[in-house]
Amino acid sequence: MSKQRAQWSGHLGFILAAAGSAIGLGNLWKFPYITFENNGGAFVLVYLAAIAVVGVPIMVAEVLIGRKSQRNPVGAFRVLVQGKPGGRAWMGVGFLGVMTGFIILSYYCVIAGWTLRYILMAVSGELGALAHHPEALQSFFGEFLANPYQQILCHSLFMGATIGVVFFGVGKGIERTARFLMPILLSILVMLVIYSIWTPGFKQAIGFLFRPNFSELTAGGVLEALGHSFFTLSLGMGTMLTYGSYMRKRDSIPRAALTICVLDTLIAIMACIIMFSIIFSYDFEVTKSSTILFTTVPVVFFQLPGGAVVSALFYLLVAFAALTSTISLLEVVSSYAIDELGWGRRRAALTTGSAIFVFGILSAVSMGGNAALSNINFIGRPSTGGVFGTLDYMASNWFLPVGGLLIALFVGWILTTGETRKELEEGHGTLARLYPVWLFLIRFAAPAAVAAIIVSVLLGAEYQ
Ligand code: PFF
């Protein structure tokens with residue numbers, strides 16, 4: 001590669017872009033609904049433990065591989081494995097990552113597209129009219145999902161926006177978008193949390209989230225919490241690796257990784273507080289938890305003053321959060337095409353984005369638009385929810401944890417301590433002194449936790 005690699009403008013640029021990748025539908029849509037399905041408390045605790053023991057050290061490891069190698073996930077392993085045990089086989093981890101990015105983006109964009117429809121409806125007053133009759137909103141949503149044209153249209157608009165950003169590159173596209181959107185996103189979220197403190201369900205929401213009841217926890221739930229900690233932090237498929245490859249050498253990796261993990265976790269908890277306060281404030285039967293964000297939340301927004309404004313702001317927030325994540329997913333696949341296939345950035349963004357869009361059509365029409373695709377399930381599981389649910393199940397519960405496990409083993413055992421220590425010592429003296437703690441986590445604790453959970457699920461085959 002003769003051209004100089006693009007870089008973030010500085011420490012904050014990296015943090016905003018990477019936090020933008022981490023904070024997304026995982027925090028605002030998925031975490032609240034899986035927490036609801038797994039009965040709160042104990043599940044939240046396992047999730048927090050997974051972030052601390054597995055998420056933070058692997059985040060450091062991924063960024064380290066990226067910055068050290070200055071490459072995309074596949075190229076990174078090719079450069080770093082020279083003369084090491086396992087050799088080029090490690091490149092498989094990079095390939096797995098690029099493939100996982102392709103898969104996740106294909107269905108993620110479909111859900112992200114829903115927010116566009118909702119913003120439009122909030123502004124036009126349509127949402128207000130529907131939200132006054134919860135059953136009407138439910139059936140509207142069902143029809144919307146079952147309408148393949150609308151699904152594909154929203155999916156295409158969101159993918160178009162994603163391609164547009166990646167097309168302009170690291171500085172002018174990704175960093176500029178994150179710098180603009182992240183502060184807006186944080187402000188809207190803080191406003192909504194303050195708003196929820198005055199709702200009658202606030203206390204119950206806090207109890208639901210923080211009072212653990214371990215008898216409610218299943219092995220499947222533990223796997224889900226672990227898988228979600230990877231998904232929400234964008235770990236296990238080379239996203240943080242790719243973003244790390246644009247990081248300046250003098251910036252501190254541990255400081256950035258910690259900041260991103262803390263921000264992401266806070267936002268997931270805030271999203272739960274907002275949503276559960278709403279659910280518990282009104283005597284509401286939540287029938288299908290995965291749609292809380294689109295069927296329950298608006299009803300309640302419109303029972304309060306300023307419903308149209310609050311809901312428009314809210315869906316805008318979700319759309320922004322999703323966009324800073326979709327661009328990171330596309331960047332993984334594009335950077336692979338740029339570095340490994342020698343394509344120009346524009347060609348890479350357009351071609352890989354279009355291919356993912358086409359594949360995503362399967363998910364878009366599997367929401368009820370096409371019976372055959374809606375009925376496909378993961379082997380051995382009674383219901384993963386069609387193509388969309390099956391892809392999400394495979395990617396988040398299996399590909400990301402397995403990718404993360406291999407990344408931990410690679411950084412902990414294949415790279416030498418000389419190599420890793422040097423990369424982590426930059427920029428922040430105090431955190432650099434925690435190196436032995438990180439080394440212990442990445443060598444022993446993180447791989448053991450991930451492996452133990454994977455094995456226990458495989459042996460027990462306990463699917464919820
Ligand atoms: N972290 C994102 C979220 O929580 O919505 C989703 C995601 C983005 C997963 C990028 C994986 C990834 F590489």
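Everything quoted here is computed from the prediction, not taken from an experiment. For ligands, and for the atoms within them, numbers begin at 1 and follow the listed sequence. Hydrogens, waters and symmetry mates play no part in the numbers below; they use all other heavy atoms, side chains included.
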Identify all side-chain donor-acceptor contacts of residues 41-50 below 3.5 Å with residues at least two apart in sequence or on another chain.
none

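- The aromatic rings of Trp398 and Tyr393 sit perpendicular, their planes meeting at an angle over 60°, well past the 30° parallel limit.
- Every side-chain contact (heavy atoms from CB on, under 4.5 Å) that Leu316 has, sequence neighbours left out, goes to Ile119, Phe320.
- Using bins of under 30°, 30° to 60° and over 60° for the plane-to-plane angle, the ring pair Phe388/Tyr107 lands in the perpendicular bin.
- Closest approach of Leu28 and Ala271 over heavy atoms only: CD2-CB, 3.8 Å.
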Go ahead and list the nitrogen or oxygen contacts between ligand 1 and the protein that come in under 3.5 Å, distances to 0.1 Å, or just say none.
residue	atom	partner	partner atom	Å
ligand 1	1 (N)	Ser21	O	3.2
ligand 1	1 (N)	Ala22	O	3.0
ligand 1	1 (N)	Phe231	O	2.8
ligand 1	1 (N)	Thr232	O	3.1
ligand 1	1 (N)	Ser234	OG	3.0
ligand 1	4 (O)	Ala22	O	2.9
ligand 1	4 (O)	Gly26	N	3.3
ligand 1	4 (O)	Asn27	OD1	3.3
ligand 1	5 (O)	Leu25	N	3.0
ligand 1	5 (O)	Gly26	N	2.7
ligand 1	5 (O)	Tyr108	OH	2.5

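- For the salt bridge (charged side-chain N to carboxylate O under 4.0 Å, His left out) condition, no pair includes a residue of residues 225-235, sequence neighbours left out.
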